[in-house]
Amino acid sequence: MTRIAVAGAGAFGTALAVALCETRDVALWGRDAPAMSAMAQSRVNPRLPGVSLPAALPVTADPDALSDAEVVLLATPAQTLRAFLDDHAPALGGKPLVACGKGIDLRTLDGPSATIRRALPSALPLVLTGPSFAADIARGLPTALTLACADRTEGARLQALLATPALRLYRTTDLVGAELGGALKNVIAIACGACLGGGFGESARAALLTRGFAEMQRLALRLGARSDTLMGLSGLGDLVLTATSEGSRNYRYGLSLGRSEPFDAAVTVEGAATARAAARLGGTLGLDLPVTEAVAELVEGRTNVGTALQRLLDRPLRAEQDSAD
Ligand SMILES: NC(=O)C1=CN([C@@H]2O[C@H](COP(=O)(O)OP(=O)(O)OC[C@H]3O[C@@H](n4cnc5c(N)ncnc54)[C@H](O)[C@@H]3O)[C@@H](O)[C@H]2O)C=CC1
Ligand SMILES: O=C(CO)COP(=O)(O)O
């Protein structure tokens, strides 16, 4: 029996499978049978160039790989998670399901753990998140992530199963905080990229990163997250990586918005849909999320970077901390 299946053979799923298969029994499952059989032959995933798939890693489109697994890592983009769970419900029910995608479902406004709970009430939702580029994980470079599980015992068991010598996992019971940190940092990374791409400079980028982080906390805390989770790997840690590195697709997408250049629509940019979802959540909850709203407007083509930034500068002066007077 395969202990771990990774569902979703994009860059991140492939990287996790490559890292885990050194010490664990792992299979990589993808939905596209011809692509999976090409990958099984070539031992390369075009979405993760320069990485050879180890001979010990089975690469398959056979749904038995999902039913046979004890634990399934869900590495599909956030906007496709619900459909994936519905399509494979009999294979996934009753199992620990580790959500690895970063986003908020635009249709339901649910994060990954609530999406799992709604689709498969018998499954145990976990969230794996934090600063990690797929290429770094696949190359075995040192990485530290957060693994969230409401059940302490299962969380500790899965932490031991999924950690590797180079991939250090910290655990928490704060699912909401972990998943919102990962989802919302992509929105702020788009803002930071747009700022640099528009030529507004690194000081402005630092301001957006910091004020954006305040918005991440404002929304996440209202939705039940713990502040210290947001201060950790899954919030601040991932924000620092994604909002400052051209290794990030969200940041590069922001750069292209700032430069008024086209961006390849086939590239996964989770922050685009999540900005719209977070802005809707903020509106419903009556929260002040100006950076998030600006990104949602940029993504929808309702404003440009210069106008959006000027609007932020024109806002009334206020105290820095929400709690201060
Ligand atoms: N690439 C990275 O460095 C990291 C990515 N992530 C997260 O992992 C998630 C996936 O990202 P990537 O693998 O990078 O994207 P990707 O664009 O490389 O691959 C996405 C994969 O999902 C598959 N897919 C799409 N819809 C599906 C469905 N309904 N059923 C099954 N498979 C489906 C696609 O065929 C594709 O293979 C995203 O939420 C991303 O934020 C998290 C950390 C790092
Ligand atoms: O989540 C990531 C790093 O932790 C990957 O970021 P991008 O999706 O922006 O490439």
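Counting starts at 1 for both ligands and their atoms, following the listed order. Just so it is clear, the model here is predicted, and its values are computed rather than measured.
Using a cut-off of 4.0 Å between Lys/Arg side-chain N and Asp/Glu carboxylate O, Lys95 and Glu70 are scored as not salt-bridged. Between Arg218 and Glu215 there is no salt bridge, since no side-chain nitrogen of the basic residue lies less than 4.0 Å from a carboxylate oxygen of the acidic one. The pair Arg3-Asp25 does not meet the salt-bridge criterion, since no charged nitrogen lies less than 4.0 angstrom from a carboxylate oxygen.
Two residues are said to be in side-chain contact when any heavy atoms from C-beta on lie closer than 4.5 Å; Cys149 and Arg171 fail this criterion.
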Give one line per pair: atom of ligand 2, protein atom, distance. Only N/O to N/O under 3.5 Å.
unit_1	atom_1	unit_2	atom_2	d
ligand 2	1 (O)	Lys102	NZ	2.7
ligand 2	1 (O)	Lys185	NZ	2.9
ligand 2	4 (O)	Lys102	NZ	2.9
ligand 2	4 (O)	Gly130	O	3.3
ligand 2	4 (O)	Ser132	N	3.0
ligand 2	4 (O)	Ser132	O	3.4
ligand 2	4 (O)	Asp238	OD1	2.6
ligand 2	4 (O)	Asp238	OD2	3.4
ligand 2	8 (O)	Arg249	NE	3.4
ligand 2	8 (O)	Arg249	NH2	3.0
ligand 2	8 (O)	Asn250	ND2	3.3
ligand 2	9 (O)	Ser248	OG	2.7
ligand 2	9 (O)	Arg249	N	3.1
ligand 2	9 (O)	Asn250	N	3.0
ligand 2	9 (O)	Asn250	ND2	2.7
ligand 2	10 (O)	Arg249	N	2.8
ligand 2	10 (O)	Arg249	NE	3.0

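Checked by atom type, the side-chain pair Ser256/Glu261 shows no donor-acceptor distance below 3.5 Å.
Sorted by first and then second residue, the side-chain hydrogen bond (donor to acceptor under 3.5 Å, both in side chains) pairs involving residues 110-122 (not counting sequence neighbours) are Asp110-Arg118, Ser113-Glu179.
Ser132 pairs with exactly one of Ile137, Leu141, Leu241 by the side chain to side chain contact (heavy atoms under 4.5 Å, CB included) rule, that one being Ile137.
Ring geometry, Phe84 versus Trp29: the interplanar angle falls from 30° to 60°, so the pair is classed tilted.
Other residues sharing the hydrophobic cluster of Leu233, ordered by chain and number and joined by side-chain separations under 4.5 Å: Tyr170.
Ligand 1 lies under 4.0 Å from heavy atoms of Ala9, Gly10, Ala11, Phe12, Trp29, Arg31, Arg47, Ala75, Thr76, Pro77, Thr80, Phe84, Cys100, Gly101, Lys102, Ser132, Phe133, Ala134, Arg249, Thr268, Glu270.
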